[in-house]
Amino acid sequence: MVKLRLKRMGKTKQPTYRVVAADARSPRDGAFIETLGHYNPRTEPSTIVIDNDKAVAWLQKGAQPTDTVQRLLVISGAWEQFQATKGKAKAS
């Protein structure tokens, strides 16, 4: 199963994160399939850059986001985009 999750980057006590699609069995900072964006919680306000098209494509393929990544997807607008495409598929 593929998960959309955060991969920790940066120096000690100065984290930045990449939003990645990875196999659920791989470790947090281990192998991943594709980078979808990045998140920096240390800036004011936090910096969130996510490629919504890639994220929606992975969600449509069945990838499961972690709770934190789902919140980031809601902020970036990718989650609403995914819900809209999911609603169109049900209506057909």
Side-chain angles (χ1 to χ4, degrees):
M1 176 169 76
V2 176
K3 280 195 158 288
L4 301 183
R5 63 180 181 203
L6 296 176
K7 177 178 180 169
R8 191 179 195 279
M9 307 293 288
K11 296 190 281 186
T12 305
K13 300 194 185 228
Q14 296 180 18
T16 60
Y17 299 92
R18 286 188 184 159
V19 180
V20 298
D23 189 303
R25 297 168 293 185
S26 66
R28 178 192 74 183
D29 296 336
F32 61 93
I33 302 167
E34 184 175 20
T35 301
L36 306 177
H38 64 272
Y39 166 56
N40 186 356
R42 301 185 70 239
T43 59
E44 189 56 45
S46 298
T47 305
I48 302 168
V49 178
I50 295 178
D51 185 337
N52 289 350
D53 295 332
K54 285 184 184 179
V56 170
W58 277 107
L59 291 168
Q60 288 174 340
K61 292 176 189 173
Q64 296 296 312
T66 61
D67 294 338
T68 305
V69 171
Q70 186 171 349
R71 279 188 241 121
L72 295 176
L73 292 174
V74 168
I75 292 169
S76 73
W79 191 253
E80 290 82 19
Q81 197 175 341
F82 168 63
Q83 295 295 344
T85 60
K86 196 166 82 169
K88 287 180 188 175
K90 285 185 179 178
S92 299

Interatomic spacing from CZ in R42 to CD in Q14 - rounded to 0.5 Å: 4.5 Å
message: Would you say that L6 contacts L72 through its side chain, given a criterion of any heavy-atom pair below 4.5 Å between the two side chains?
response: yes
- prompt: If you round to the nearest 0.5 Å, how far is OG1 of T66 from CZ of R28?
  reply: 12.5 Å
task: Give, for atom CG of L4 and atom OG1 of T68, the distance between the pair rounded to the nearest 0.5 Å.
output: 12.5 Å
task: Check whether V20 and I33 end up in the same hydrophobic cluster, where Ile, Leu, Val, Met, Phe, Trp and Tyr are linked by side-chain heavy atoms less than 4.5 Å apart.
output: no
field: For the student: nearest non-hydrogen atoms of P15 and K13, plus distance
entry: CD-C, 3.5 Å
- prompt: Transitively linked via ILVMFWY side-chain contacts under 4.5 Å: M9 with Y39?
  reply: no
- request: Look at atom CZ of R25 and say whether more than 12 heavy atoms of other residues, nucleotides or ligands are closer to it than 6.0 Å.
  value: no
query: Same cluster or not: are F82 and V49 linked, directly or through other Ile, Leu, Val, Met, Phe, Trp or Tyr residues, by side-chain heavy atoms under 4.5 angstrom apart?
result: no
- prompt: Between A31 and S26, what is the shortest heavy-atom contact and its length?
  reply: O-OG, 3.2 Å
Over all atoms of both residues, closest heavy-atom pair of R5 and V69: CA-CG2, 3.5 Å
- prompt: What pair of heavy atoms forms the shortest contact from R18 to T35, and how long is it?
  reply: CD-CG2, 4.2 Å
message: Within this structure, what is the CE-CD distance for the pair M1 and Q64, rounded to the nearest 0.5 Å?
response: 6.0 Å
- prompt: Does D53 reach the side chain of Q81, with side-chain heavy atoms less than 4.5 Å apart?
  reply: yes
- prompt: What about V2 and F32, same hydrophobic cluster or not, with Ile/Leu/Val/Met/Phe/Trp/Tyr joined at side-chain heavy-atom distances under 4.5 Å?
  reply: no
query: Shortest non-hydrogen contact from D29 to K7?
result: O-CE, 3.6 Å
task: Go through the steps for T85 and L59 under the test side chain to side chain contact (heavy atoms under 4.5 Å, CB included), then give the verdict.
output: CA-CA 10 Å; T85 60; L59 291 168; over 6 Å; no
statement: Note: A78 and N52 closest approach over all heavy atoms is CB-OD1, 3.4 Å
task: Show the numbers, then the answer: is there a side chain to side chain contact (heavy atoms under 4.5 Å, CB included) between V19 and H38?
output: CA-CA 5 Å; V19 180; H38 64 272; over 6 Å; no
